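Quick note: residue numbers are just sequence positions, from 1. Atoms within each ligand, like the ligands themselves, are counted from 1 in listed order. Computed from a prediction, not measured in an experiment: that's the story for all the values here.
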Amino acid sequence: MKILVMNCGSSSLKYQLIDMENESVLAKGLCERIGIDGSVLTHKPAGGQAWKQEAPMPTHREAIQMVMDALIDNAHGVIKDTDEISAIGHRVVHGGTYYSESVVVDDSVKEAIRDCFDLAPLHNPANLMGIEACEAAMPGKPNVAVFDTAFGMSMEEKAYLYALPYEYYEKYRIRRYGFHGTSHGFVSGEAIKMANLDPKSAKVIVCHLGNGASVSASVGGRCVDTSMGLTPLEGLIMGTRSGDIDPAIVQFVCAHEHLSVDEMLNVLNKKSGVLGLSNGISSDFRDIDEAAAKGDHHAKIALEAYTLRVAKYIGAYAAAMNGVDAIAFTAGVGENDKVMRKNICAYLGFLGVEIDDVKNDVRGENRIISTDGSKVTVLLLPTNEELKIARDTRALTEK
Ligand code: ADP
């Protein structure tokens, strides 16, 4: 069974064709600049060279047609006929309170995705365009929607409600949703398997530390709390996002800098985080690490503040679950930065966390990095959101 995984942005489209017999990636690629001049497809068959093709892609429809053509191309293709594709799995950012699991797309699902446009105005319209373009390009094939917010839907009211007038929840659905859910769900499941924990009761904390970053707490694979909120701005310090701040700062800065609220949100999303804290050095941890190593004070503080924030969330989530069996690190920083992992875990001695420096000296591999005597199993687990989307798509469409 072959499954096409789609991740559509407003002007881009990423795809992977996965053979579910052995969960291997047959080909992957990316369409960029959809709807603007200079549209280009980059297609890479497994084990082969990347192939670039420039052609106009006024909408996602033309982009998907180019992907189909590339997949069956004589020289660069990996299948003979698009009929070999059994189903298409789509990343959809927001499912509101409608979906706590992935779902086969029908008219009511499309209506729900549309109903969540105001909750994810940059992503949901593009995700829906991708679904409709696939329906047009491959009529009759099942499409599955895999929601980034689904994992967070198992939170209880005490975790998802904000302490605001209740009418805002009723009128506008203002609550904690959580994002990166596909990654948190995948990594917590893999952590339970790898650490040999009880799948019904395991208490797992996942630290998804990429450019965007979030932490989740789950019991038996069901999310009980997560750090991103109504939007991805809340929680950890990120590459360019502030994470948690005193909300009154917004009014204060707007008044003094003569900014509108929208402009201030742009500052909080794009100019803050380690980029802001480092006084503009970079949003990329490799640059910050390098500057800190050369003695730059701002870079050093940015790293320390980042580390402290992650550790504080882990401590809070251990309290929320009354214990923790495993802590897993994933995404760009979590998978590659052994110093960051070690420094975060240095705060967690009170939980009985003990890192093995030799085991921790690794990148991007599935591995337990705590000592045999550590009370909590600490793992490095590369995330694979595409595989999770493909697995859900298979489970919902296999006859
Ligand atoms: P996203 O999917 O949110 O864009 P990723 O999970 O790909 O982000 O993570 C990207 C980030 O990972 C980069 O911005 C960089 O800061 C960090 N990163 C990648 N490699 C390393 C490394 N070797 N050391 C430290 N940080 C790294």
Legend entry - Salt bridge Asp284-Arg286, side-chain N to carboxylate O under 4.0 Å: yes

Inset, instruction - Within a distance under 4.0 Å of any heavy atom of Gly210, pick out the atoms of ligand 1 and give their elements. - result: 5 (P), 6 (O), 8 (O), 9 (O)

Legend entry - Enumerated ligand 1 atoms positioned under 4.0 Å from heavy atoms of Asp337: 25 (C)

Legend entry - Any non-hydrogen protein atom less than 4.0 Å away from atom 2 (O) of ligand 1: no

Legend entry - Residue and atom name of the nearest protein heavy atom (relative to atom 24 (N) of ligand 1), distance in Å to one decimal: Arg286 CG, 3.7 Å

Legend entry - Per-residue contact class, Arg363 against ligand 1 - non-hydrogen pairs under 4.0 Å: side chain

Legend entry - Heavy-atom nearest neighbour in the protein, as seen from atom 16 (O) of ligand 1, with distance rounded to 0.1 Å: Phe285 N, 2.7 Å

Legend entry - Pairs where residues 57-73 contributes a residue and the test side chain to side chain donor-acceptor pair (under 3.5 Å) is met, not counting sequence neighbours: Thr59-Glu62, Gln65-Asp69

Legend entry - ligand 1 atoms in contact with Ala331 (distance to a heavy atom under 4.0 Å): 6 (O)

Inset, instruction - May I ask you to decide if Thr371's main-chain N or O and Ser374's side chain share a donor-acceptor pair within less than 3.5 Å? - result: no

Legend entry - Parallel, tilted or perpendicular, as decided by the 30° and 60° cut-offs, for the rings of His43 and Trp51: perpendicular

Legend entry - Residue Gly212 vicinity, atoms of ligand 1 by number, heavy atom under 4.0 Å: 3 (O)

Inset, instruction - Assess the side chains of Asp262 and Ser260: does a donor N or O sit below 3.5 Å from an acceptor N or O? - result: no

Legend entry - Residue selection (non-hydrogen contact nearest atom 22 (C) of ligand 1) among Asp289, Asn336, Val274, Val333: Asn336

Inset, instruction - Taking atom 7 (O) of ligand 1 as the reference point, report whether a protein heavy atom occurs under 4.0 Å from it. - result: no

Legend entry - Lys/Arg N to Asp/Glu carboxylate O, Lys294 vs Asp289, below 4.0 Å: no

Legend entry - Salt-bridge present (Lys338, Asp361; N to O < 4.0 Å): yes

Inset, instruction - Note the single closest protein heavy atom to atom 9 (O) of ligand 1, along with its residue, its atom name and the distance in Å. - result: Gly332 CA, 3.3 Å

Legend entry - Aromatic Tyr169 / basic Arg173 pairing, under 6.0 angstrom, 45° off normal: no

Inset, instruction - Taking only Lys NZ, Arg NE, NH1 and NH2, and the carboxylate oxygens of Asp or Glu, determine whether Glu23 and Lys388 approach each other closer than 4.0 Å. - result: no

Legend entry - For atom 4 (O) of ligand 1, closest protein heavy-atom neighbour: Asn211 CB, 3.5 Å

Inset, instruction - Starting from atom 14 (O) of ligand 1, find the nearest protein heavy-atom neighbour and note its residue, name and distance. - result: Asp284 OD2, 3.6 Å

